[in-house]
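A short worksheet on the structure shown next.
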Amino acid sequence: MEQTQTSCKPSGTMPTGTGCSSQASDDSALGLKLDDGSLSAEVVNKVTTHPCYSPEGHKYARIHLPVAPACNIQCNYCNRKFDCSNESRPGVVSKLLSPAQGAKRFSKVKERIPQTNVVGIAGPGDPLANPAATLATLKAVALAEPDVHLCVSTNGLALLEQVSALKSAGVSHLTITINCIDAAIGEKIYPWVYFNHKRLRGRQAAQTLIDRQLAGLKAAVAAGMLVKVNTVLIPGINDHHIEALSQELKNYGALLHNIMPLISDPAHGTYFGLTGQRQPTEDEVSTARQAAGTNMAQMSHCQQCRADAVGHLGQDVDLNDMASSESEVDSSVLVAVASKSGVLIDQHFGYAQSFAIYRVSATAIERTEQRTVGQYCVGDDCDAADSRMDASLQALSGVKHVLCSRIGMTPWQALEQHGVMPSTEYALFGIDDALEQLQSQLLENGQLQAVPSTTIKEAM
Ligand SMILES: C[S@@+](CC[C@H](N)C(=O)[O-])C[C@H]1O[C@@H](n2cnc3c(N)ncnc32)[C@H](O)[C@@H]1O
Ligand code: SF4
Ligand code: SF4
């Protein structure tokens with residue numbers, strides 16, 4: 001790292017951010033600081049040319065490439081959607097991309113918005129729960145445009161073992177979401193963590209995650225990455241803990257702290273949304289930022305972007321026109337329907353013993369077969385049936401969407417991880433009506449090759 005001294009010295013907190021100062025200035029900031037505590041010219045440049053690290057970077061644009069669907073933990077505030085064009089929140093995307101599609105999208109966007117100098121991978125799941133796709137995408141982008149800043153956003157569970165691969169791929173900016181350093185708080189945020197081939201729950205899950213996050217943070221800082229920490233502010237859960245957390249983040253060498261308000265809505269289908277967990281008020285967010293600001297430089301201009309956001313912060317561009325020119329748009333998709341009555345979407349995923357399979361294209365909705373499955377939920381046990389899930393996944397092979405009246409969080413996650421999108425949006429709709437609405441949505445989002453007219457026919 002270049003060690004040219006600049007006039008940019010740590011100067012206490014940076015509530016709106018000048019981008020070149022930070023109070024996180026002890027030795028654990030390792031390679032980022034010069035002997036007198038100021039930031040090196042290289043670091044200052046990397047900070048001020050990134051729109052999220054500094055308001056000074058506002059003239060630059062970023063692109064998030066949605067190549068990472070799976071996640072290795074569950075947060076009570078997160079419900080990812082892979083085919084959603086109308087919600088503006090983290091974790092949703094219009095369409096998942098392969099690494100090749102991601103690199104192609106970047107090149108097209110770069111042509112259209114030449115100020116795009118940051119390529120980030122932020123989901124819709126966790127980039128490091130999808131390491132092959134993440135690294136392949138980063139490498140393809142770096143090959144096309146060596147000067148771009150590569151950025152990854154992770155929950156940190158798998159960070160420690162990926163730091164050197166990320167570094168070799170050229171990742172300079174890293175975001176870790178750390179919501180607490182106390183497992184008693186963490187168990188209220190994370191229902192489970194999947195680590196070392198085991199699903200951990202309760203305090204053990206939270207402690208494992210926290211330990212791995214801090215070890216990953218330390219390793220990333222030591223590798224010279226500029227680490228920003230995201231913290232989701234959840235009233236009554238971690239709001240009293242923010243100052244202690246920021247003190248620890250400073251000790252571990254994080255450069256910037258981004259306290260983001262919880263987004264919570266029953267319609268999102270998250271645990272917090274369904275249990276009525278409220279969002280913080282603006283005053284509560286600013287109190288938390290002030291408390292954390294005694295330790296850490298604060299980011300306060302985060303837009304809580306979608307995992308496929310493109311453009312300048314706050315001025316996202318619409319990708320619909322681009323989506324239709326990206327290859328691999330399906331000409332038809334298979335949809336599995338869970339129905340007791342045979343007329344309505346009125347069956348819980350876990351209680352279905354068979355699914356009606358439909359092929360949906362732009363011109364037709366055709367019933368192709370009935371597939372039998374072993375019932376996933378047995379008694380009250382709808383959440384601990386890994387082997388039954390494997391059987392369901394096999395039975396649903398080739399299917400892209402499952403329509404059902406209800407579904408548990410665990411099977412939802414497992415389906416998502418295998419590229420199948422469950423939906424309870426059409427609960428109690430007539431099957432024909434639901435399929436027509438899904439068809440329109442897929443066409444609108446550019447996920448189906450468009451050709452006019454719609455017919456429903458029975459092919460059985
Ligand atoms: C969708 S995540 C993807 C990256 C990675 N899986 C993670 O959690 O850091 C991007 C950011 O959005 C945040 N996020 C997700 N759902 C949120 C919600 N309902 N309210 C506030 N922030 C949320 C996450 O905590 C994370 O900081
Ligand atoms: S780690 Fe990220 S993607 Fe995974 S559940 Fe939490 S917010 Fe969602
Ligand atoms: S979510 Fe915040 S940190 Fe991430 S790209 Fe958007 S503005 Fe930047």
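Just so you know, ligand 1 is whichever comes first in the structure, and atom 1 is the first atom listed for that ligand.
For atom 26 (C) of ligand 1, the closest heavy atom belonging to the protein is T177 OG1, 3.3 Å. Taking atom 3 (C) of ligand 1 as the reference point, the nearest protein heavy-atom neighbour is A122 O, 3.2 Å. Nearest to atom 8 (Fe) of ligand 2 among the protein's heavy atoms is C78 SG, 2.3 Å. Counting only heavy atoms of the protein, atom 1 (S) of ligand 2 lies nearest to N155 ND2, 3.3 Å. What sits closest to atom 25 (O) of ligand 1 on the protein, heavy atoms only, is Y77 OH, 3.1 Å. With respect to atom 3 (S) of ligand 3, the closest heavy atom belonging to the protein is K228 NZ, 3.2 Å. When hydrogens are left out, the protein atom nearest atom 5 (S) of ligand 2 is C75 N, 3.4 Å; that is the closest non-hydrogen contact.
Close approach of ligand 1 to P261 (heavy-atom distance below 4.0 Å) involves ligand atoms 21 (C). Here is the list of ligand 1 atoms found below 4.0 Å of a heavy atom in Q304: 21 (C), 22 (N). Each of the atoms 3 (S) of ligand 2 lies under 4.0 Å from some heavy atom of G125.
Judged by distance alone, with hydrogens and angles left aside, the side-chain atoms of N79 form a donor-acceptor pair with the main-chain N or O of H268 at under 3.5 Å. At distances below 3.5 Å, not a single donor-acceptor pair connects side-chain atoms of D126 with backbone N or O atoms of A68.
Across all their heavy atoms, H241 and N179 have their closest contact at CD2-O, 4.3 Å.
Proximity of the aromatic rings of H50 and Y60 is defined here by a centroid distance below 6.0 angstrom, and this criterion is not met.
Both the backbone and the side chain of I73 come within 4.0 Å of ligand 2, counting heavy atoms alone. Neither the backbone nor the side chain of P90 comes within contact range of ligand 2; no heavy atom lies under 4.0 Å. At a 4.0 Å heavy-atom cut-off, ligand 2 touches C71 through the side chain alone. At a 4.0 Å heavy-atom cut-off, ligand 1 does not touch R80 at all. Both the backbone and the side chain of D126 come within 4.0 Å of ligand 1, counting heavy atoms alone.
At a cut-off of 2.8 Å, measuring from atom 6 (Fe) of ligand 3, the protein N, O or S atoms that fall short of it are C305 SG, waters left aside.
The N/O atoms of I263, backbone and side chain alike, include one that comes under 3.5 Å of an N/O atom in ligand 1. Not one N or O of G123 is nearer than 3.5 Å to an N or O of ligand 1, by distance alone.
No more than 12 heavy atoms of other residues, nucleotides or ligands shown are found within 6.0 angstrom of CZ on R406.
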